[in-house]
Amino acid sequence: MEAPHVELMIYAEDIANDSVSVVKGDATIVQSEALDSRNYLFVTLDVSSSKAGEIVLQFTDEDGSVREKAYSLLARQKDAAKRQGFGPKDAIYLIAPDRFANGDSSNDNIEGYVDKVDRSKKGGRHGGDIQGIIDNLGYISNLGFTQIWTMPLLENAMDSYSYHGYSTTDYYAIDPRFGTNQDYVTLSRRANNAGIGLIMDMVLNHIGSNHLWMKDTPSDDWINNNGKFVGTTHKREALHDPHAVESDKIGFSDGWFVPTMPDLNQRNPHLANYLIQNAIWWVEYANLSGIRVDTYSYPDKDFLSQWTQRIMQEYPHLNIVGEEWSVNPAITAYWQRGSHKHDDYVSALPSVMDFPLQAAVVKALDADESWNSGFISIYETLATDFLYADPNNLVIFPDNHDMSRIFTQVGHDIEKWNMAMTLFLTTRGIPQVFYGTEILMQNEGTTDHGIIRTDFPGGWKDDGAKNAFYGKGLTPDERFAQQRTKQLLSLRKTHPHLFEGELKHYAPKDGVYTYFRLDNNNKKNALMVVLNKQETSLTLGQYDEILSGYSSVTRLNDGAKFNTSDTLTLAPMSATVFIVQ
């Protein structure tokens, strides 16, 4: 790797006082350090001159007894460091693995794991797995998605509510109820063969309470608040507030989410190094195209700077997106590398989740049009893009695994759903679509996450007549939504240069919001999108500032072609996409 050192966490009974030496291999020991537990030893190796192969470490106790442990240095794939991460030309399909498809029923229940499959429990495990995703890569690819992000697949050996994956109990092992490490590598390889990259969801802030670290903690400061539950304030503003007191900053960063999610203290350099090396290991091992970081702003700020810099040092073209759940773009922009900061903080994070735009779109669609309501919410939010160093690298989304489905958010109105999806799949940024959004999955009357993350129809053998993978048993509206998603995503494949290019929009007027996607290096084509709430006579000549030099526009829905001087009639509550030529 680019970094010459690797630190090994050695766990064994009474190993803290052992002396260590290399008895096989050409690595050299830089340092050996024990912390507070007698059962951990941290050994740093210099592998800058090492070749691929096995290293054997010998541990000698004070009584003269000897133990040995082998560690393998693996050869890297050619040009592994040059991997290209996901970007604006891509579209991401977000999957809750337990709720997508059960491809291997033999791993539904595993001996020694308390949380068993019970599809009748909304918060229980339902049996979806990695094989289920592999089996349906054709469906994902045919829709037009080029990236997959799954909720975490690492081991969550919790007694209950373990299906979501955010209570890690082993950072190096896939949960056996989802499959094996090799299954995950197979998913990556087969997805790549289908033209799809794999993004891993990583949790840096907390672990599950059944993690070994809670039974035998490496050091007294490994877990925040002395290993005792103190809830986070969730007041992320404290990190940016010029008037904030230090206790408010600590209350946000050091507090726990819930008692079953102990909060990690990344100020401990060994823990920080562990998390950094783990991320690098997974990128290399599973050939990842990117990382999504859960609850990005909650860990220690300085650690986040170090974590992102170390990873980008190894993979300069990788993409990493952080979840900062704020609808204030000044706060989300703070974390993106290159953005203007109110302090001297250095971030190497390429992307953030665009929660401000998601909230603005829902607000716009649910409001009446006036000079200060409706589409103006979208316009004003995008107008703050000057805060971001790279707004086109933001991940945008109509909904996700932690919020109500977009169909529910817009009142189960298919026309509003179409307007929302059209915008998110054509405006600036990298669109992410939650599994089932393409078939109008909804959560009417509840905000329970177990219902929001309900089973995808057709993913289980006993699902009956409805199978969305094959379009069977869908209602006319569900079928329309699925085909509309596919139609819009096809544009990203046929015109990738436009989605990597510039966004230009006109201020909303009379309930009409119009924007263009442009490629300034090649003006052969452009994209024009019109959202309107009332029936509208649209004179294309009003857009001469952009359309001059083009002769025609072709409507995506039906292929109808018009001159750039024509006046068009648009139906109310419609979203119309034109290819400009």
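The residues of the chain are indexed from 1 along the displayed sequence.
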Could you walk me through whether Asn328 and Ser326 pass the side-chain hydrogen bond (donor to acceptor under 3.5 Å, both in side chains) test, one step at a time? CA-CA 5 Å; Asn328 183 346; Ser326 173; 5.3 Å; no
Just checking, any donor-acceptor pair under 3.5 angstrom between side chains of Asn287 and Arg189? no
All heavy atoms of Met441 vs all of Phe407, minimum pair found to be O-CB, 4.1 Å
More than 12 non-hydrogen atoms from neighbouring residues, nucleotides or ligands closer than 6.0 Å to CZ on Arg337, yes or no? yes
Residues Asp98, Arg177: salt bridge by 4.0 Å N-O rule: no
Kindly determine whether Tyr172 and Trp281 satisfy ring pair (Phe, Tyr, Trp, His ring centres under 6.0 Å), including the steps that lead there. CA-CA 9 Å; Tyr172 281 93; Trp281 187 87; 5.1 Å; yes
Can a donor-acceptor pair be found, under 3.5 Å and without considering hydrogens, that links the side chain of Arg83 to the backbone of Ala80? yes
To the nearest 0.5 Å, what is the distance between CG (Asn278) and CE (Met202)? 6.5 Å
Are Phe355 and Phe397 near enough that their ring centres are under 6.0 Å apart? yes
Answer yes if the side chains of Ser305 and Asp302 hold a donor-acceptor pair under 3.5 Å, and no otherwise. no
Any chance you could lay out the side chain to side chain contact (heavy atoms under 4.5 Å, CB included) test for Leu382 and Tyr515, step after step, and finish with the verdict? CA-CA 11 Å; Leu382 291 172; Tyr515 59 91; over 6 Å; no
Are Tyr296 and Trp335 close enough that their ring centers fall under 6.0 Å? yes
Is it the case that Gln409 and Ser404 place a side-chain donor and acceptor less than 3.5 Å from each other? no
How far apart are the closest heavy atoms of Arg492 and Gly429, and which atoms are they? NH2-O, 3.4 Å
Measure from the ring center of Tyr166 to the ring center of His401 and say whether it is less than 6.0 Å. yes
What's the spacing between Asp399 CG and Gln432 CD if we round to 0.5 Å? 7.0 Å
How about NZ on Lys301, more than 12 heavy atoms from neighbouring residues, nucleotides or ligands closer than 6.0 Å, or not? yes
Check Pro508 against Tyr513 and note the closest heavy-atom contact, atom names and distance. CG-CD1, 4.0 Å
With sequence neighbours excluded, give me every side-chain hydrogen bond (donor to acceptor under 3.5 Å, both in side chains) pair touching residues 239-249. His240-His342
Once you round to the nearest 0.5 Å, how far does CG of Asp385 lie from CG of Leu394? 6.5 Å
In this structure, OG of Ser490 is separated from CG of Leu143 (nearest 0.5 Å) by 11.0 Å
Using the rule given for side chain to side chain contact (heavy atoms under 4.5 Å, CB included), can you reason through Leu318 versus Ile311, listing the C-alpha separation, both sets of side-chain angles and the distance that settles it, and then say yes or no? CA-CA 8 Å; Leu318 191 73; Ile311 294 172; 3.9 Å; yes
With a 4.0 Å cut-off on N to O distance, would you call Asp402 and Arg453 a salt bridge? yes
Check: Asp519 side chain, Ala526 main-chain N or O, donor-acceptor pair, under 3.5 Å: no
Considering non-hydrogen atoms only, spot the tightest contact between Thr168 and His211 and give its length. O-CD2, 3.6 Å
Please determine if Arg267 forms a cation-pi arrangement with Phe303, meaning its NZ or CZ atom is less than 6.0 Å from the six-membered ring centre and no more than 45° off the ring axis. no
About how many Å separate CD of Glu324 and CE of Met353, when rounded to the nearest 0.5 Å? 12.0 Å
Which heavy atom of Ser50 sits nearest to which heavy atom of Leu73, and what is that distance? CB-CD1, 3.6 Å
Please report whether the ring centroid of His234 lies less than 6.0 Å from that of Tyr298. yes
Under the criterion side-chain contact (heavy atoms from CB on, under 4.5 Å), which of Asp170, Ile174, Asp201 is the partner of Leu154? Ile174
Do Arg292 and Ile199 touch side chain to side chain, with heavy atoms closer than 4.5 Å? yes
So, is the end of the Arg405 side chain (NZ or CZ) under 6.0 Å from the ring centre of Tyr435 and within 45° of the ring's axis? yes
Grab the two heavy atoms, one from Ser347 and one from Thr308, that are nearest each other, plus how far apart they are. C-OG1, 4.4 Å
Is the closest side-chain donor-acceptor distance between Ser219 and Asn268 under 3.5 Å? yes
Any donor-acceptor pair under 3.5 Å linking the side chain of Asn265 with the backbone of Asn224? no
Flag, side chain of Gln266 to backbone of Leu204, donor-acceptor distance under 3.5 Å: yes
Side-chain donor/acceptor of Glu284 to backbone N/O of Ile280, under 3.5 Å: no
Salt-bridge contact Arg428-Asp354 (side-chain N to carboxylate O under 4.0 Å): yes
Establish, yes or no, whether a centroid distance under 6.0 Å links the rings of His505 and Tyr379. yes
Check: Tyr345 ring centre within less than 6.0 Å of Tyr334 ring centre: yes
Give a yes or no on whether Lys341 atom NZ has more than 12 heavy-atom contacts from other residues, nucleotides or ligands under 6.0 Å away. yes
Measure from the side-chain N and O atoms of Thr146 to the backbone N and O of Ala91, and report whether any donor-acceptor pair falls under 3.5 Å. yes
Dump the intermediate steps for side-chain hydrogen bond (donor to acceptor under 3.5 Å, both in side chains) on Ser351 and Asn319, then the final yes or no. CA-CA 7 Å; Ser351 177; Asn319 208 350; 4.8 Å; no
Surrounding CD of Gln77 (heavy atoms of other residues, nucleotides or ligands, distance under 6.0 Å), is the total greater than 12? no
So, Glu502 and Arg517, do they make that salt bridge, N to O below 4.0 Å? no
Hey, does the side chain of Asp263 reach the backbone of Gly231 with a donor-acceptor pair shorter than 3.5 angstrom? no
Just so I know, are the side chains of Thr437 and Trp417 near enough to count as touching, which here means a heavy-atom distance under 4.5 Å? yes
Which distance, rounded to the nearest 0.5 Å, do you find between the CG of Asp135 and the OH of Tyr139? 15.0 Å
Set out, in order, the CA-CA distance, both residues' side-chain angles and the distance that settles side chain to side chain contact (heavy atoms under 4.5 Å, CB included) for Trp307 and Ile291, then state yes or no. CA-CA 12 Å; Trp307 186 87; Ile291 299 170; 4.1 Å; yes
